Amino acid sequence: MDTAFALVDCENFYVSCERVFEPSLRTRPVVVLSNNDGCVIARSQAVKDAGIPMGAPYFQWEERLDAMGAAVRSSNYALYGDMSRRVMHELEQVALRLERYSIDEAFLTLPALERDELYAVAQQLQRRVARRQGVPIRVGIGPTKTLAKVADEKAKGNRPVDTTLPPPGRVYVCPDGEARTAMLRTVPVAELWGIGAAWAETLHEHGVETAEQLRQQPDSWLRRVLTVVGLRLATELRGLPCLELEDVPATRKSLIRSRSFSGRVTDEPTLREAVGKHAQRAAEKLRAEGLVAGYLEVFITTKRFGEPPHYANAAGGTLRPVTHHTPILLRHARRLLRIIYRDSPTYKKAGVILQQLRPETPRQGHLFDDPDPDDVALMDAVDQLNRTMGRGTVGFAAAGVRGERDWTMKREQRSPHYTTQWSDLPVAKAEG
DNA sequence: TCTGGGGTCCTAGGACCC
DNA sequence: TCTGGGGTCCTAGGACCC
């Protein structure tokens, strides 16, 4: 290999973050729940071993978790985001280049070394991150991103110990030649990065069950059945890189703000308030990133499960001139909501999507539509206040006033903001 | 009673233009 | 008896990811 790709994956990341600041959790089974305490989105090893699946509805497993003495935490994204930043910083000290792939995963490039040397580098990474941040990581290495992902799956095969210490051997380096072929024969296609349930089903119908079989398929067949995405995947499995390391984050193309409601929502005023809140938060995010939007979409849905009828609809509209101005977005959001609102359904979720994002300068066209300087000053002042005094200090009446509503989120078991709020700093006590 | 939230890429098809 | 051929832009929908 010219350069080796490494995939670093934080083990049970959200659970590991909770355990860093609450040591008593290190010896207990732990789960972290999604917003509204709805689903299980992170599980310690003991919980995985007990067969509780990712994304499982909490209410269905609550008893079982209780019986096994599991600790339950609501998600604390401020904490996880900050811990992620710290872990990435450690990895950057060792990597040639680094791509932040998700909150708990990074692709690294490493020098092309012998297999045993790569094992040593991976273990050095594990020790560094464990000692300095208390988070255990798993490392998979290969000549392409896809093979690094495969290697990461293989690394999972080594039994871990259920603590935050890095379990020995949760590292795998993709072998060459015959050994690679043998390894790929043991990998089901459904486990591959880029193959989801729908494509796995299609491949199964064609008798393609393993990664080795997939990479043997003719290019034309791959292209026809799985589009260029599948062709790239197979090419990467053959050891030829198609996917580059993206160490310069691309400018985002869309931005979503949405939430499920914790209670029942049927009337338009409540929906309007929720949509307004999301539009306001989306606008803040837009300004914080120096972007403007050219298209706004509003969507509402009834519950996904249970008895029909379900109702889901969305309406969108072009924003000319492009904008990141809260009152303008609020006005459009209300108008769009009026189009799709229907009486009587019990709504479960609402949100807004901003699209056609671009940097706010250079400003485009619309000579006579430049924003009023007073408006710009107003938005700056609002953002400044909310940054220094806390989110929601100043808002717009159309987005509702501050406070709990029957539709706001349920987060009953959230841990403190250990690393991002002075008042929540953990306190160390000396014995004796 | 109770089932998350936020993204990307690809393709097909329609509108429109020359 | 017999429909033009490309190109671009936009949107909707499907697939995938964490």
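Quick caveat, the model's predicted, so the values are computed rather than measured. To find a chain, count down the sequence lines: A is the first, B the second, and so on, and within it residues start at 1.
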For the atom pair CD (A:E62) and CD (A:Q60), what is the distance rounded to the nearest 0.5 Å? 11.5 Å
Assign A:E297 to base, sugar-phosphate, or nothing according to its heavy-atom contacts below 4.0 angstrom with the strands shown. nothing
N-O pairing of A:K156 and A:D152 below 4.0 Å: no
Between B:dG7, B:dC10, B:dT3, which nucleotide has the shortest distance from any of its atoms to the side chain of A:V229? B:dC10
So what does A:I353 hit on the nucleic acid, given a heavy-atom distance under 4.0 Å: a base, only sugar-phosphate, or nothing? nothing
Using 4.0 Å as the upper bound for N to carboxylate O, is an ion pair formed by A:R215 and A:E212? yes
Between A:M54 (CE) and C:dC17 (P), how many Å, whole number? 13 Å
Separation of atom CD1 in A:I41 from atom C1' in C:dC17, rounded to whole Å: 15 Å
What heavy-atom pair brings A:R264 and A:T346 nearest, and what distance separates the two atoms? NH2-OG1, 3.9 Å
Measure from CD on A:E105 to P on B:dG7 and round the result to the nearest Å. 17 Å
Where the side chain of A:Y295 is concerned, which of B:dT8, B:dG4, C:dT11 is the nearest nucleotide? C:dT11
CG on A:L96 to CG on A:L110, rounded to 0.5 Å: 6.0 Å
Atom CG of A:N12 and atom P of C:dC18: how far apart are they, to the nearest Å? 15 Å
Determine: side-chain N/O of A:K349 to OP1/OP2 of B:dG5, distance under 4.0 Å, yes or no. yes
A:L233 CG to B:dC10 P: how many Å, rounded? 13 Å
Enter the distance from A:R28:CZ to A:E18:CD here, rounded to the nearest 0.5 Å. 12.0 Å
note: A:E153, atom CD; C:dC17, atom P; distance rounded to Å ~ 11 Å
Base, sugar-phosphate alone, or nothing: which one does A:A197 contact when heavy atoms must sit under 4.0 Å apart? sugar-phosphate
Categorize A:K303 for me: base, sugar-phosphate, or nothing, with a 4.0 angstrom heavy-atom threshold over every strand shown. nothing
Scan A:L255 against the nucleic acid and name what it touches under 4.0 Å (heavy atoms): base, sugar-phosphate only, or nothing. sugar-phosphate
Candidate nucleotides C:dC17, B:dT11, B:dG5, ranked by approach to the side chain of A:T227 - the nearest: B:dT11
Base-paired stretches in DNA chain C with three or more consecutive Watson-Crick or G-U pairs, both distances under 3.5 Å, amount to B:5-18 with C:5-18
Touch check for A:I195, heavy atoms < 4.0 angstrom, all strands: base, sugar-phosphate only, or nothing? sugar-phosphate
What is the distance, rounded to the nearest whole Å, between atom CG of A:L7 and atom C1' of C:dC18? 11 Å
By nearest atom, which of the nucleotides B:dG7, B:dT11, B:dT3 is closest to the A:V228 side chain? B:dT11
Of the listed nucleotides C:dA15, C:dC17, B:dG4, the one nearest the side chain of A:N35: B:dG4
Should the pair A:D219-A:R238 be classified as a salt bridge under the 4.0 Å nitrogen-to-oxygen rule? yes
Whole-Å gap separating P (C:dC16) and CG (A:L231): 17 Å
NA contact type, A:R223, heavy-atom cut-off 4.0 Å: base, sugar-phosphate, or nothing? sugar-phosphate
Sugar-phosphate only, base, or nothing, as touched by A:D104 at under 4.0 Å among non-hydrogen atoms: sugar-phosphate
Heavy atoms from C-beta onward define the side chain here; which of B:dC9, C:dA15, B:dG5 lies closest to that of A:S258? B:dG5
Is the A:F5 to A:W193 ring centre distance short of 6.0 Å? no
Can you name the closest pair of heavy atoms from A:C17 and A:Y80 and give their distance? CB-CD2, 3.7 Å
Among C:dC18, B:dG7, B:dG5, the one nearest A:R259 by side-chain distance: B:dG5
Would you jot down, in residue-number order, the residues of residues 57-89 of chain A having a non-hydrogen atom under 4.0 Å from DNA chain B? A:P57, A:F59
Are any non-hydrogen side-chain atoms of A:V87 and A:V8 less than 4.5 angstrom apart? no
Whether A:K285 and A:E289 form a salt bridge (side-chain N of Lys/Arg under 4.0 Å from carboxylate O of Asp/Glu) is what I want to check. yes
Using the P atom on both, measure C:dC18 against B:dC2 and round to a whole Å. 30 Å
Check every strand shown and say whether A:K285 touches a base, only sugar-phosphate, or nothing at a heavy-atom separation below 4.0 Å. nothing
Measuring from the side chain of A:A198 (C-beta onward, heavy atoms only), which nucleotide among B:dG7, C:dA15, B:dC10 has the closest atom? C:dA15
